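Lettering of chains follows the sequences in order, A, B, ..., and the numbering in each one begins at 1. On a predicted model such as this, the values are computed, not experimentally measured, just so you know.
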2 protein chains.
Amino acid sequence: MQMRNQVEWVLHCCSLLAALPEGGRLSTKALADFHGVPKEYLSKALQSLSQAGLVEGSLGPSGGYRLAKPASEITFLDIVEAVEGKGRNFACTEIRRNNPCLQGHDPKGPCQVARIMWQADAAWRRELAAVKLSELTVTLERELPADLQERATTWVAARLGGSV
Amino acid sequence: MQMRNQVEWVLHCCSLLAALPEGGRLSTKALADFHGVPKEYLSKALQSLSQAGLVEGSLGPSGGYRLAKPASEITFLDIVEAVEGKGRNFACTEIRRNNPCLQGHDPKGPCQVARIMWQADAAWRRELAAVKLSELTVTLERELPADLQERATTWVAARLGGSV
DNA sequence: TCCATAAGGATATCTATTATCCGTAAATGC
DNA sequence: GCATTTACGGATAATAGATATCCTTATGGA
């Protein structure tokens, strides 16, 4: 049971978008180059983010993506669910109903096994919901050496779209 | 990102094994019939449990599986990890190293994205580790009508192996 | 001896993930 | 208006993983 590659990608992409100057945008191509991932497939993931209302795409030259709302209002859970879906990580297929000696019995509510597994799933989501995208930016600025941050800023600036 | 079918199966199987009388065993066939799942494939999952030291298989007629230790010493996490593996649900592929403008930089320790995702994974596992298999038995006895419990007991008794 | 069983290997089938390609529409600059 | 750049969506291919079955082997019990 493993999350998709795309989840890692978009988390890093959002991190980069969060650090963009006001009004700035980055194209799929720039984001793909920056992270060394295939552009076409990354595009699909970014479209998921767009549909979830987390980022906004714009067309034309100097188009690209930017966050649709402040990084402080976007959680890790938002991003993960945009790509991975909101479905639980445990699917109960109600095998208790297959039981040959319990036929005719119509159990109410989810079975205890499912309840426990869903409770753990909820704990996982709670943890992700507690982390804002903005926290990522703060940590990165604190941990990444200043000269590298500047190189990154320069790299991004050279590819920046939008009304900057 | 969804867990395997086998996880649901073995959780229910363990639940049944935990309710067995002292020394009793159930064969793969009985467990498969009880839950309405394919015997051959369930067998693979039970072998995983066996390798993890959670259940003990024995050969010959009147052979089958029983718990390898008291249900109070087996957690949901034990069972889930036996089938699903102990690997984290988020794999960090270190895409930050692909960054074209950060070449030559050798970051120490996991990146913040991975740390956050792993923290959520840990919360999920913590939740599962907190639930003992024995709790499942207790709940089942409390919630399942007495007559159905008896029918199940009879059904199981007719297929019971081991030294009963 | 004979049968039932766990265990493990080999293989087939199906589904989801990963990836690529192409067409469309919109925005920008000329 | 026209060419270019971009997001977006559909279609499809390639790969990996999950699901399932079959067969052989070794062992225990009658």
Of the listed dC8(D), dT17(C), dT28(C), the closest approach to the Ser43(A) side chain comes from dC8(D)
Side-chain atoms of Ser50(B) come closest, of dT5(C), dA7(C), dA27(C), to dA7(C)
Taken to the nearest whole Å, NE2/His35(B) to P/dA20(D) is 15 Å
Asn5(B) atom CG is separated from dT21(D) atom P, nearest whole Å, by 12 Å
message = So, OP1 or OP2 of dA18(D): does either fall under 4.0 Å of a side-chain N or O from Gln6(B)?
response = no
| Between Glu135(A) and Lys132(A), is there a donor-acceptor pair closer than 3.5 Å when you use the side chain of the first and the backbone of the second? | yes
Side-chain atoms of Leu59(B) come closest, of dA26(D), dT5(D), dG29(D), to dA26(D)
Separation of dT19(D) atom C1' from Lys39(B) atom NZ, nearest Å, is 17 Å
query: Without hydrogens or angle criteria, can the side chains of Thr154(B) and Glu150(B) be said to hold a donor-acceptor pair below 3.5 Å?
result: no
- [ ] Find out whether Gln6(A) and Tyr41(A) are in side-chain contact, i.e. whether some heavy atom of one side chain is under 4.5 Å from a heavy atom of the other.
- [x] yes
_Counting the atoms with a prime plus P, OP1 and OP2 as sugar-phosphate, which does Gly57(A) contact under 4.0 Å by heavy atoms, base, sugar-phosphate, or nothing?_
sugar-phosphate
Met1(A) CE to dA16(D) C1', in whole Å, measures 17 Å
- Does the side chain of Gln51(B) get closer than 4.0 angstrom to OP1 or OP2 of dG8(C) through an N or O atom? yes
*asked:* Is Gln47(B) close enough to dA6(C) that one of its side-chain N or O atoms is under 4.0 Å from OP1 or OP2 there?
replied: no
Looking only at dT17(C), dA20(D), dC21(C), the nucleotide nearest the Tyr41(A) side chain is dT17(C)
Start with the C-alpha gap between Leu26(A) and Leu17(A), add the side-chain angles, then the distance that decides, and say whether side-chain contact (heavy atoms from CB on, under 4.5 Å) holds. CA-CA 7 Å; Leu26(A) 274 184; Leu17(A) 291 179; 4.2 Å; yes
Could Arg151(B) and Trp155(B) be counted as a cation-pi pair, given that NZ or CZ must be under 6.0 Å from the ring centre and within 45° of the axis?
no
Whichever of Ser58(A) and Leu42(B) has the more 5' nearest nucleotide on DNA chain D, that residue is Ser58(A)
Closest of dC21(C), dA10(C), dT5(C) to the Glu40(A) side chain is dC21(C)
